[in-house]
Amino acid sequence: MTNNYAGIVLEVIRDQNKTVLEAVGQMQAKMETLATQESLDRLETKVDTVKLAVTHTNKDLDDLTERVAVLEQLAPK
């Protein structure tokens, strides 16, 4: 009876180990698809560059809008 009990316990342990290994394998597969810190840092730098360009473009647009408004006021009607 002791031998049968040990066999059952070993089978349960094997099943648990198999479940854990499958879960770890799935986690590893998911980790491979995640972005690295290096790629996130590069993306952040690019986003900052785009923000700066948009800010400058908006300022230029505001300046042009003001100039057009002045010219429209000066134009003969």
Side-chain angles (χ1 to χ4, degrees):
M1 173 140 338
T2 303
N3 193 17
N4 190 25
Y5 179 73
I8 293 172
V9 169
L10 285 175
E11 187 64 32
V12 169
I13 290 172
R14 282 187 199 130
D15 288 342
Q16 289 174 346
N17 285 343
K18 184 178 177 183
T19 302
V20 168
L21 289 175
E22 286 174 359
V24 168
Q26 290 173 354
M27 288 171 38
Q28 287 176 334
K30 286 182 181 180
M31 292 297 287
E32 290 173 0
T33 62
L34 294 176
T36 63
Q37 186 62 46
E38 181 180 327
S39 66
L40 290 175
D41 290 342
R42 281 186 300 205
L43 182 59
E44 183 178 13
T45 300
K46 289 178 181 180
V47 167
D48 289 342
T49 302
V50 170
K51 281 181 173 178
L52 186 62
V54 168
T55 299
H56 287 301
T57 302
N58 286 341
K59 286 180 184 177
D60 291 343
L61 184 59
D62 289 343
D63 290 343
L64 286 173
T65 302
E66 288 178 26
R67 293 172 71 184
V68 167
V70 168
L71 290 173
E72 285 175 343
Q73 289 176 354
L74 296 175
K77 293 183 183 179

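Model, not experiment: these values are computed from the prediction. We use all heavy atoms of the structure for the numbers below, so side chains are in, but hydrogens, waters and symmetry mates are not.
In the hydrophobic clustering, where aliphatic and aromatic side chains (Ile, Leu, Val, Met, Phe, Trp, Tyr) are joined below 4.5 Å either directly or transitively, Val54 groups with Val50.
Once rounded to the nearest 0.5 Å, the distance linking CG of Asp15 with CG of Leu10 reads 11.0 Å. One finds the CD atom of Gln16 at 12.0 Å from the CG atom of Leu21 (value rounded to the nearest 0.5 Å). To the nearest 0.5 angstrom, Thr36 atom OG1 is 6.0 Å from Arg42 atom CZ. Summarising the geometry, atom CG belonging to Leu40 is positioned 10.0 Å from atom CD belonging to Glu38; distances are rounded to the nearest 0.5 Å. For the atom pair CZ of Arg67 and OG1 of Thr65, the computed distance is 11.0 Å after rounding to the nearest 0.5 Å. Taken from CG in Leu52 to NE2 in His56, the straight-line distance is 4.0 Å, to the nearest 0.5 Å.
Both Ile13 and Tyr5 belong to a single network of hydrophobic side chains, linked directly or stepwise wherever heavy atoms of I, L, V, M, F, W or Y lie under 4.5 Å apart.
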Exercise. Gln37 and Asp41: side chain to side chain contact (heavy atoms under 4.5 Å, CB included), yes or no, with the steps?
Worked result: CA-CA 6 Å; Gln37 186 62 46; Asp41 290 342; 3.0 Å; yes
Problem set entry | side chain to side chain contact (heavy atoms under 4.5 Å, CB included) evaluation trace for Arg14 with Glu11 | CA-CA 5 Å; Arg14 282 187 199 130; Glu11 187 64 32; 3.5 Å; yes
Problem set entry | Audit row: Lys30, Leu34, side chain to side chain contact (heavy atoms under 4.5 Å, CB included) steps and yes/no | CA-CA 7 Å; Lys30 286 182 181 180; Leu34 294 176; 5.8 Å; no
